[in-house]
Amino acid sequence: MTALLLRSRTLSFLRFPETKDDLAACRYEEDGGLLLRDGLIVDAGPFDAVKARAADDVPVIDHRPHLILPGFIDCHVHMPQMQVIASYGAELLDWLNTYTFPEETKFQNAQHGRRIARLFLDEMIRQGTTTVAAYCSVHKSSAEAFFAEAHARNMLTVAGKVMMDRNAPESLRDTPQSGYDDTKALIAEWHGKGRQHYAITPRFAITSTPEQMEMAQALMREHPDLHMQTHLSENHAEIAFTQELYPWSKDYTDVYEHYGLLGERALFGHCIHLSEREADALSESGSVAVFCPTSNLFLGSGLFDYQRYRKRDRAVRIAAATDVGGGTNYSMLRTMDEGYKVIALNGEKLNPLASFWQMTRGNAEALSLAERVGTLDPGSDADLVVLDAGATPAMRLRMETVKSLAEELFLLQTLGDDRSVVETYVAGAPAKSTLAAWDVQA
């Protein structure tokens with residue numbers, strides 16, 4: 001089937017909604033139509049108008065009364081950490097050494113990598129997430145497994161093998177040269193293949209020597225169109241250790257600045273404890289600070305100051321992400337629920353329209369991919385999520401009193417999870433229902 005006509009309520013965003021009543025920032029159709037063909041949205045608008053322009057024999061799938069939005073986007077997540085999620089009682093550096101590094105050692109086994117990559121992308125689809133920016137392990141085979149699974153599903157992803165050559169177990173270390181060579185080979189094989197995008201991925205300054213940072217810099221010079229992803233200012237002990245390792249640096253951000261790793265496609269996970277100078281450096285370079293609220297709360301790392309970064313004179317670009325396995329849930333709905341609480345603890349609020357903008361168009365803009373995903377515009381890739389705000393008894397009861405779109409979205413954000421995801425479309429094809437059928441057969 002190359003064409004489908006979807007009918008339901010449709011919602012997408014034109015810009016950041018400043019208030020819960022800022023409907024001018026939205027494109028909403030009470031009875032909307034989306035014509036999908038060959039993996040793209042080719043027409044959108046009121047259902048009757050879209051149907052009149054479509055061929056008579058196009059199949060119609062009626063999702064009313066549910067909401068169709070662009071598929072969710074997760075801008076920072078660790079694929080190898082699925083079996084680390086819900087590990088008890090450690091802060092960042094201890095958590096890495098106690099749980100994460102032993103788990104990632106398992107990825108020496110390529111079959112283990114293939115299994116986890118498959119289960120990871122299954123889980124993303126179950127949660128309505130259609131695009132991820134993912135960290136693989138240090139092993140080249142883990143990235144190969146991830147990309148192969150994503151390509152088979154026709155998912156748009158950004159990913160890379162981590163580069164780390166110190167302060168980790170020997171089985172998790174590469175070298176400056178092998179990290180460079182493996183990354184070059186993966187770029188050649190996977191970047192631009194189907195919907196795959198490669199991200200140069202030095203894990204963070206603590207696990208890379210200056211020589212490896214120079215190799216990351218060389219890779220960015222050779223491939224300036226690629227993404228770069230790493231971690232920044234998540235935890236006070238991490239910041240102090242980084243400055244011990246790079247004593248010449250003005251601050252943590254200056255390490256990445258020195259090696260030419262800031263830029264419009266640079267994704268910096270966490271960014272909780274930035275100085276004004278560091279925020280200015282991110283702003284001036286167009287770099288992205290990635291908000292990971294469930295992880296930041298779970299590890300006790302601190303509160304990301306979302307509204308300060310967004311509203312300062314030199315605004316910082318922001319994305320949002322689950323960060324599994326330091327994060328506690330695969331769902332972007334659950335992530336933005338916790339994000340709301342973090343922002344409230346900083347004395348601000350994030351309105352529900354803005355939360356859904358962030359999960360869709362906002363994250364697409366942060367990845368510099370808004371021309372492909374994150375909207376319902378004709379010409380965009382047909383990655384969609386269908387949401388049911390009455391998916392559970394508690395949600396149905398609350399829906400009896402909901403009087404506005406913003407209230408419905410806030411209910412979805414506050415009580416919703418994978419049960420609220422009726423269907424996930426990937427490149428125009430229903431994926432969650434297909435996955436569920438496969439699970440039953442298996």
Side-chain angles (χ1 to χ4, degrees), residues 74-81 92-93 96 100-101 104 132-138 143 158-168 172-174 176 179-180 182-183 186-187 197-221 223-224 226-235 238-239 241-243 245-246 249 251-274 278-279 281-282 285-292 295-296 301 304 316-321 323 326-327 366-368:
D74 188 340
C75 290
H76 179 107
V77 59
H78 291 268
M79 180 271 288
Q81 295 180 19
L92 174 64
L93 298 182
L96 287 171
T100 302
F101 289 160
E104 293 192 6
V132 294
Y135 289 63
C136 302
S137 76
V138 74
V158 179
K161 93 160 205 86
V162 298
M163 304 165 67
M164 52 183 190
D165 66 338
R166 66 171 168 181
N167 292 317
L172 287 182
R173 295 199 299 265
D174 54 14
Y180 174 89
D182 286 349
T183 298
L186 288 163
I187 292 167
H197 296 254
Y198 197 86
I200 295 163
T201 310
R203 187 184 201 115
F204 65 152
I206 287 173
T207 51
S208 286
T209 60
E211 293 75 21
Q212 184 162 79
M213 296 293 278
E214 289 170 359
M215 287 298 194
Q217 181 177 30
L219 287 163
M220 287 306 301
R221 285 175 175 163
H223 304 279
L226 263 57
H227 290 83
M228 191 287 307
Q229 57 183 358
T230 190
H231 297 79
L232 173 62
S233 293
E234 180 176 0
N235 167 284
E238 168 210 17
I239 295 167
F241 190 20
T242 299
Q243 297 219 251
L245 294 171
Y246 294 91
S249 62
D251 46 48
Y252 195 166
T253 303
D254 188 42
V255 176
Y256 298 124
E257 208 170 358
H258 176 81
Y259 292 107
L261 299 182
L262 274 59
E264 292 185 357
R265 290 177 179 261
L267 309 171
F268 291 95
H270 306 294
C271 295
I272 300 170
H273 306 290
L274 298 179
E278 291 177 288
L282 295 187
S285 61
S287 300
V288 177
V290 187
F291 180 27
C292 303
S295 172
N296 300 158
S301 300
F304 181 97
V316 177
R317 295 171 69 204
I318 296 172
D323 190 35
L367 291 179
S368 301

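Please read all numbers here as calculations on a predicted model, not as lab measurements.
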Subject >> Non-hydrogen atoms of Y256 and A205 that approach each other most closely >> reply: OH-N, 3.1 Å
Subject >> Residue pair V158 / V132, side-chain heavy-atom distance below 4.5 Å >> reply: no
Original post:
Which atoms form the tightest heavy-atom contact between N167 and F241, and what is the distance?
Top reply: ND2-CZ, 3.9 Å
Subject >> Short side-chain to backbone donor-acceptor contact, T230 and P202, under 3.5 Å >> reply: yes
Subject >> Any side-chain heavy-atom pair of L96 and T207 under 4.5 Å >> reply: no
Subject >> CG on D174 to OG on S208, rounded to 0.5 Å >> reply: 7.5 Å
Subject >> N-O pairing of E104 and R203 below 4.0 Å >> reply: yes
Original post:
Tell me, do F304 and I318 make a side-chain contact under 4.5 Å, heavy atoms counted?
Top reply: yes
Subject >> Heavy-atom pair with the smallest gap, counting every atom of Q229 and A134 >> reply: NE2-O, 2.9 Å
Original post:
Is there a side-chain contact between L282 and V288, using heavy atoms and a 4.5 Å cut-off?
Top reply: no
Original post:
Are the side chains of F268 and S233 in touch, meaning some heavy atoms are under 4.5 Å apart?
Top reply: no
Original post:
What do you reckon, are the aromatic ring centroids of Y246 and H258 less than 6.0 Å apart?
Top reply: no
Original post:
Of the options M163, R265, K161, which is the one that meets I200 in a side-chain contact (heavy atoms from CB on, under 4.5 Å)?
Top reply: M163
**OP:** Taking all heavy atoms of A366 and all of A319, pick out the closest pair and write down the distance.
**Re:** CB-CB, 3.7 Å
Original post:
Should R166 and E211 be marked as a salt bridge (charged side-chain N to carboxylate O under 4.0 Å, His left out) after you check the CA-CA gap, both sets of side-chain angles, and the distance that decides it?
Top reply: CA-CA 11 Å; R166 66 171 168 181; E211 293 75 21; over 6 Å; no
Subject >> H231 and H270 aromatic ring geometry - parallel, tilted or perpendicular at 30°/60° bounds >> reply: parallel
Subject >> E234 vs S295 side-chain heavy atoms within contact, under 4.5 Å >> reply: yes
Original post:
Using a distance-only test with no angle check, is there a side-chain donor-acceptor pair under 3.5 angstrom linking D165 and T209?
Top reply: yes
**OP:** Identify the heavy atoms of L261 and M228 that sit nearest to each other, and give their distance.
**Re:** O-CE, 3.3 Å
Original post:
Which atoms form the tightest heavy-atom contact between L186 and A143, and what is the distance?
Top reply: CD1-CB, 3.8 Å
Original post:
What distance separates E257 CD from E278 CD, expressed to the nearest 0.5 Å?
Top reply: 9.0 Å
Subject >> Between Q81 and Y135, a side-chain donor and acceptor under 3.5 Å >> reply: no
**OP:** Find out whether D323 and H78 are in side-chain contact, i.e. whether some heavy atom of one side chain is under 4.5 Å from a heavy atom of the other.
**Re:** yes
**OP:** For the residue pair C75 and L367, establish whether any side-chain heavy-atom pair is separated by less than 4.5 Å.
**Re:** yes
